[in-house]
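Residues take their numbers from the sequence shown, with the count starting at 1. Whatever order the structure lists ligands and atoms in, that order sets their numbers, starting from 1.
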Amino acid sequence: MKPSSRLDRLPPYLFAELERKIAEKKAAGVDVISLGIGDPDTPTPAPVIEALALAAADPGTHRYPSNRGRPELRAAFAGFYARRFGVELDPDTEIIPALGAKECVFNLNLAFLDPDSVALAADPGYPVYTGGPLLAGSEAVLMPLVPELGFAPDLDAIDGDVAARARLLYINYPNNPTGAVVPEGLFERAVEFGREHDVLIVHDASYTETTYDGYVAPSFLETPGAKDVGVEVFSLSKGWNMTGWRTAAIVGNADAVSTYWKLKTNIDSGQFEAVQLATVRALEDGPPAEMPAIYQRRRDLVCVALREIGVDVTPPKGTIYVWAPVPDGHTSASYCQLVLEESGVVVSPGGAYGPNGEGFFRISLTIDDARLSEAVERLRGSLGG
Ligand SMILES: Cc1ncc(COP(=O)(O)O)c(C=O)c1O
């Protein structure tokens, strides 16, 4: 059996060594606590589950859905964007549902990239921004996120030839993995860049609803001119505790949305209509109001403990992650292994998110308070001075 050569182009899986060590620990009877993956532990809101049950009981939802999505769903996304961001969207031309942001981001690569073109991807960043272009037969050119610029990429530093070959530019704020919120002026500069180089700006808005300390994250589409050059990928996964449901949408530039739809009609057959109707309910109700306080409390617990063990961490204003520098003398991989070794706690090595993630590690806050407190106590006990 010979797999396709496109799979060979993917970089080696950087969690492999850590996963081997975790398996080893578990086999030795250690109660490993994972703060690795960002997957909300709190259930989806009850009214959304009730809406799903009701819709699933109706045989009208059991047949092939349309890739355009039900009109109620597109109207619900338009209503949410108007209320939440003050952004007007045409439900007929500027919104298509997606099976999660991951599907959407991946398929945008197939829809827009040729072998001689490139995608510009944040480094560190969500791995699909780099793996997607490779699988699409193209490649990603990394844009370092500069800590001194608030983890913004320096768009003026992008080489002219690269800019000329670029078709897509991925940005994501609040940002995974750094927890940064959008630096002032970045969205405006991205619109200019899109215009100057005929590049589709793709803003991944997976974390706009998980923010703290009173910070309210904007939509990229609030930026003047954004719809001329860009789209936003909006997901309910993190904000509504719905990672398993696979529900999101691409919104914005009508030509780009239609290109995505054209590709998608050849790949999948849309989203189960009962999930669409449950998503309508979720959008109408808005994200569960209690979540920011829950994550903020966990964030503070983690940041206080990290400071006590000598880690110089800045509490993030958004996302469900804490991003912190590894202490001197360590690489991100060696520090994550030390943490696992000494305390049985799994944290993610920053290098797994790109070369510029080296020197950092990421902690996810999606674990219940009791386990998180225990993880924090173990860190204090085993790594504290
Ligand atoms: C930046 C970013 N985009 C997209 C996703 C995937 O979201 P979804 O569950 O909607 O596919 C994640 C998940 O961790 C993410 O961090």
Side-chain angles (χ1 to χ4, degrees), residues 14-15 34-42 44 48 69 73 77 80 95-109 119-133 140 142-143 145 151-153 168-182 201-211 217 219-220 231-251 260 264 267-268 271-272 275-276 278-279 282-283 287 291 295 316 318-323 348 350 352-354 356-357 360 362-367:
L14 281 165
F15 287 99
S34 176
L35 307 180
I37 189 165
D39 190 359
D41 56 303
T42 316
T44 300
V48 179
L73 178 60
F77 272 111
F80 179 78
I95 302 172
I96 294 281
L99 304 171
K102 186 176 196 176
E103 175 266 297
C104 185
V105 167
F106 176 75
N107 278 328
L108 284 172
N109 295 298
L120 294 164
D123 166 24
Y126 180 55
V128 183
Y129 307 147
T130 45
L142 298 179
M143 304 180 292
L145 295 189
F151 290 106
L168 295 170
L169 184 150
Y170 290 113
I171 42 175
N172 155 233
Y173 294 93
N175 180 261
N176 175 18
T178 68
V181 299
V182 64
I201 309 299
V202 180
H203 179 240
D204 180 340
S206 288
Y207 297 95
T208 51
E209 308 313 301
T210 45
T211 57
S219 159
F220 170 61
V231 288
E232 185 153 88
V233 182
F234 185 86
S235 171
L236 284 86
S237 281
K238 315 289 175 161
W240 279 258
N241 305 327
M242 290 179 75
T243 46
W245 295 60
R246 316 313 301 136
T247 191
I250 182 170
V251 301
Y260 166 77
K264 225 171 126 66
I267 292 183
D268 64 60
Q271 185 180 44
F272 180 26
V275 173
Q276 295 189 36
T279 303
L283 290 166
M291 291 316 295
Y295 289 132
T319 74
I320 48 181
Y321 310 110
V322 170
W323 180 249
S348 306
Y353 303 91
N356 273 280
F360 290 86
R362 194 192 80 171
I363 285 183
S364 167
L365 303 172
T366 53
I367 183 166

Exercise. Angle class for the W240/F234 ring planes (parallel below 30°, perpendicular above 60°, tilted otherwise)?
Worked result: perpendicular
Could you list which atoms of ligand 1 come closer than 4.0 Å to a heavy atom of [X]?
X    : answer
N172 : 1 (C)
S237 : 8 (P), 9 (O), 10 (O)
G100 : 10 (O), 11 (O)
K102 : 8 (P), 11 (O)
D204 : 1 (C), 2 (C), 3 (N), 4 (C)
S235 : 8 (P), 10 (O)
Y129 : 1 (C)

Between [X] and [Y], is there a donor-acceptor pair closer than 3.5 Å when you use the side chain of the first and the backbone of the second?
X    : Y    : value
H203 : S219 : no
Q271 : R246 : yes
E103 : A98  : no
K238 : G38  : yes

So, regarding [X] and ligand 1 (criterion: nitrogen or oxygen to nitrogen or oxygen, under 3.5 Å), is there a contact or not?
X    : answer
A101 : yes
E103 : no
R246 : yes

Exercise. Are any non-hydrogen side-chain atoms of M291 and I320 less than 4.5 angstrom apart?
Worked result: no
For this session: Could you tell me if any non-hydrogen atom of S206 lies under 4.0 Å from any atom of ligand 1?
Result: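 Right, S206 reaches ligand 1.
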Exercise. Quick one: which of I367, L365, T366 gives a side chain to side chain contact (heavy atoms under 4.5 Å, CB included) with D41?
Worked result: T366
For this session: Take Y207 and Y321 through the test ring pair (Phe, Tyr, Trp, His ring centres under 6.0 Å) and record every step on the way to the result.
Result: CA-CA 10 Å; Y207 297 95; Y321 310 110; 5.6 Å; yes
Problem set entry | Nearest protein heavy atom with distance in Å, relative to atom 6 (C) of ligand 1 |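 Among all protein heavy atoms, the one nearest atom 6 (C) of ligand 1 is Y126 OH, 3.3 Å.
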For this session: I would like to know whether Y295 and T319 meet side-chain contact (heavy atoms from CB on, under 4.5 Å); could you show each step before the answer?
Result: CA-CA 9 Å; Y295 289 132; T319 74; over 6 Å; no
Exercise. Which part of K238 is near ligand 1, with near meaning a heavy atom under 4.0 Å away: side chain, backbone, both or neither?
Worked result: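 The side chain, only.
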